[in-house]
Amino acid sequence: RAAADGGGAAEPRPGGVVAAMKVERAAVPDQRLYEIMYFSPVHVGDERFSNQLYFQTDMFNRTWPQSMVDKLNEQIENLRHVELGMTAFDLEFKVKHRAAVLFHLKMALAYLDAREARIAMKLCKAAEPATRSTEGRLMQDKDADFDFLRITLMSVLACAARRVKFYETAVEALSEAKEIAIRRGEDVHPLLQALTLLNLSAVLGDMDHDEQGLRWGLESLTMLYSFFSKHPLPEEAEKFYLITACHNAALLNVKLVRWDSAIELWGEGMDLSKALGEADEDGLRRKLIAIGAQAKHVPEGFLEEAVNVIHGWGEEPDVWNLSFWDFTEAEIKEEIHVLRHTTTLRHLIVDHFDDRRHASPREDALLAQLILAAVSCQSLEQLTIASLEFDPRKVWRRIKKPTFLETSWYASSLNFANILEGSQKPETASFKQMLQNISHFSKKVILCLIVLGNECDAVDLSENCIDAHCITALVRALRWRKRPKFSRQVSTLILQSNGLDAGTTRQLAHCWEPLSGDEALEEEAVADLAGSARSSRAPSISRDPDRDKADLGVAHLDISFNPGIGDEGFEHLVDGIARYRLFRVLRADTVGLGPPGCRMLERLGGTALEFLCLANNAIGARGAEAVVDAALKCRHLQTLELENCDIDPEAATPLARLLRDHPQLKKLAVNRNRLGSEGVVELCGGGSSSRTL
């Protein structure tokens with residue numbers, strides 16, 4: 001809150017050094033401007049610090065400066081003589097009176113800087129008679145400058161009162177100063193007006209009069225922008241005043257639970273703080289981060305890291321380790337914002353997560369957005385998730401960690417071998433067994449990365465223990481339409497030996513559902529944000545309608561060796577696949593399928609199914625007959641595999657009918673069944689009538 005003191009004293013640091021912005025005296029040649037800035041946190045030259053040191057000497061330290069007060073009392077007496085006409089109200093008197101009062105106020109400010117707020121208050125009250133007159137002609141005289149003296153007196157008094165928590169006294173003083181500033185209009189310097197309103201806004205916030213405080217705080221911010229557009233100050237000073245005003249207004253919005261407005265003002269303040277450089281000697285950036293953390297609902301330390309990553313500040317500006325944060329919804333949103341705006345981040349680390357963490361209902365969509373931001377981040381070169389190293393734009397090619405020899409003196413000779421796979425993109429990106437021993441959350445992140453950063457025709461996720469805890473992220477990523485132009489939709493998905501069950505396949509079936517209205521709007525919003533944030537070199541988000549129509553979803557699915565799927569799970573899956581007319585290949589070897597599940601295959605008649613494998617499922621003759629009925633409706637089917645399906649001679653007749661009547665079937669595999677000699681003879685009879693077998 002000290003940074004919001006505006007026109008008054010800044011918060012002293014230990015040892016008596018005032019925490020404030022400092023500019024050279026030569027940078028502010030205008031005397032009036034210098035005097036206004038003297039009583040603000042922006043220190044011009046060394047006079048204020050010298051005065052502070054002088055009044056900390058043994059003569060004045062913690063002591064009432066009686067001799068100085070006596071001098072001001074003499075001047076007040078002279079003012080009364082002028083009012084009575086006993087002394088001429090000439091230029092000499094005006095200059096002398098103004099100088100005497102101004103020196104007294106500087107002395108009061110020096111005591112305030114030295115943490116002697118009560119003495120400063122008494123000094124201000126002692127000077128009060130010197131800043132007003134019963135004669136209107138005196139008060140309105142520009143050379144006497146009573147308005148400036150009065151407003152300055154009230155500002156110093158308010159800051160001293162605020163320091164000792166006499167908030168009502170501070171509000172009374174600043175309200176009077178505000179009335180003078182508004183009433184006198186153009187006769188009062190606009191910077192003095194703005195700083196007075198800023199001071200008043202801050203004190204009203206202290207008293208929880210937040211609505212009123214916000215009104216004057218925003219008015220002050222507007223006046224500062226207007227003044228600096230016409231009367232520029234040193235850049236550091238301008239930014240300091242504006243950041244202070246933004247901080248004050250953001251704080252009041254936080255208190256009023258207006259998060260969006262607070263975040264907007266926080267962002268404005270952070271943008272302005274770039275001019276102050278990486279150093280935060282005045283503490284303004286730290287105060288802004290504290291307010292921003294409240295508005296964004298993230299930890300203060302997390303937001304500080306995010307700010308450093310965006311601007312390239314800190315000890316390792318090119319590395320961001322997120323392993324120690326919780327990945328709440330608010331944190332993920334901030335991470336997305338950082339990845340869209342950073343130009344310095346090279347390495348992002350996501351590791352060591354506890355599966356007991358609470359998952360947000362929107363977590364899957366947010367993780368998809370996070371990965372989209374990561375793979376679209378032009379500066380990002382390496383992504384570490386659960387100790388697995390990825391190239392964010394070549395996800396299929398894993399990065400090998402350097403060994404001791406590769407980090408030694410002859411490492412340059414080994415630099416060519418820093419990847420596990422070759423440089424040529426494979427047809428199938430294999431991630432087999434890679435995700436077995438990592439947390440569910442890490443699996444979600446990697447699954448989103450594999451799908452949204454995919455460049456290959458097929459993705460093999462076999463033997464990764466993908467269950468109900470993480471399948472939803474895979475499904476959301478597969479359904480995401482707007483993706484970087486270098487990536488492509490996963491058309492072939494291999495999920496062998498993952499322990500899939502009915503509940504998991506129920507979720508997987510959503511893969512082929514059309515996007516809901518909210519999901520479509522969400523993707524459009526992500527594409528718009530990515531387009532506005534990226535540089536001209538960054539990968540863009542696809543908006544090609546022809547591409548979207550061509551790559552609608554998974555057309556090849558392999559769920560083999562998941563016996564927990566059963567009839568119920570297979571039914572869910574077929575229901576989902578039936579929605580996608582371009583679906584072509586289904587491999588369901590050893591999935592616990594029986595006759596009831598086989599009857600569901602008729603729903604695939606409206607698809608482009610060409611290959612169906614149901615091997616090693618005990619479907620029996622009844623199941624085989626149901627498969628034949630369904631196959632005759634799948635007019636594009638060319639291959640049907642029914643090996644080791646416990647088929648007996650009763651199924652020979654329907655199988656022969658399939659061979660005889662199907663217009664496209666080229667291959668039927670029925671090895672390791674119990675057809676017997678008669679069944680084989682009948683089957684061959686049907687095959688002899690086929691024109692395509």
Side-chain angles (χ1 to χ4, degrees), residues 495-496 500-506 508-509 511-512 554 556-581 583-676 679-680 682-683 686-687:
L495 292 172
Q496 293 182 5
L500 303 182
D501 56 18
T504 311
T505 51
R506 180 194 294 270
L508 185 60
C511 253
W512 298 276
V554 175
H556 300 233
L557 178 66
D558 187 346
I559 54 169
S560 300
F561 312 113
N562 290 285
I565 292 177
D567 291 330
E568 181 185 354
F570 193 75
E571 180 180 356
H572 294 317
L573 199 59
V574 169
D575 277 340
I577 293 172
R579 296 186 178 95
Y580 184 39
R581 61 182 182 81
F583 190 85
R584 296 171 57 196
V585 176
L586 176 60
R587 295 180 181 271
D589 187 325
T590 317
V591 296
L593 186 65
C598 292
R599 287 193 285 270
M600 301 299 108
L601 288 168
E602 289 189 354
R603 302 176 187 178
L604 300 182
T607 69
L609 186 67
E610 298 175 357
F611 185 102
L612 177 62
C613 173
L614 299 176
N616 299 301
N617 290 292
I619 63 175
R622 288 188 301 155
E625 186 174 358
V627 171
V628 167
D629 292 339
L632 288 170
K633 294 182 179 180
C634 297
R635 310 300 291 174
H636 302 283
L637 186 66
Q638 298 180 18
T639 300
L640 176 62
E641 296 183 355
L642 297 175
E643 295 177 326
N644 192 28
C645 285
D646 196 29
I647 299 174
D648 59 26
E650 291 183 18
T653 300
L655 288 173
R657 177 165 54 91
L658 173 66
L659 293 175
R660 184 175 58 251
D661 296 343
H662 200 286
Q664 296 288 335
L665 190 66
K666 296 180 179 180
K667 178 181 177 181
L668 174 65
V670 288
N671 294 331
R672 293 179 289 136
N673 283 293
R674 297 182 294 107
L675 285 172
V680 171
E682 187 168 357
L683 185 64

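Look at Glu571 and Arg603 and you find a salt bridge, because one of the NZ, NE, NH1 or NH2 atoms lies within 4.0 Å of a carboxylate O, short of that distance. Asp575 and Arg506 are not joined by a salt bridge, as no carboxylate oxygen comes within less than 4.0 angstrom of a charged side-chain nitrogen.
Within 6.0 Å of CZ in Arg581 there are 12 or fewer heavy atoms belonging to other residues, nucleotides or ligands. Counting heavy-atom neighbours within 6.0 Å of Arg622 CZ, excluding the residue itself, gives a total of 12 or less.
To the nearest 0.5 Å, atom CG of residue Leu593 and atom SG of residue Cys645 are 8.0 Å apart. The structure places CG of Leu668 at 6.0 Å from CG of Leu642, a figure rounded to the nearest 0.5 Å. In this structure, CG in Leu655 is found 6.5 Å from CG in Leu675, a value given to the nearest 0.5 Å. With rounding to the nearest 0.5 Å, the separation of CG in Asp629 from CG in Leu601 is 10.5 Å.
Looking at Asn617, Asn671, Asn616, Asn673 one by one, the single match for side chain to side chain donor-acceptor pair (under 3.5 Å) with Asn644 turns out to be Asn616.
Taking every heavy atom of both residues into account, Ala621 and Glu650 meet most closely at CB-CB, 3.8 Å. The minimum heavy-atom distance linking Glu682 with Thr653 is given by the pair OE2-OG1, 2.5 Å. The minimum heavy-atom distance linking Ala630 with Glu602 is given by the pair CB-N, 3.5 Å. Ala509 and His572 get closest at one heavy-atom pair: CB-O, 3.1 Å. Counting all heavy atoms, side chain and backbone alike, Arg674 lies closest to Pro649 at O-CD, 3.0 Å. The two atoms that bring Asp567 and Gly597 nearest to each other are OD1-N, 3.3 Å, heavy atoms only.
Lys667 has its side chain out of reach of Gln638: every pair of non-hydrogen atoms, C-beta onward, lies at least 4.5 Å apart. Leu573 places none of its side-chain heavy atoms less than 4.5 Å from the side chain of Ile565.
Legend: residues meeting salt bridge (Lys or Arg N to Asp or Glu O under 4.0 Å) with Lys666, ordered by chain and number and at least two apart, are absent.
Side chain of Trp512 to main chain of Val554: a donor-acceptor pair is present (N/O by atom type, distance under 3.5 Å, no hydrogens or angles).
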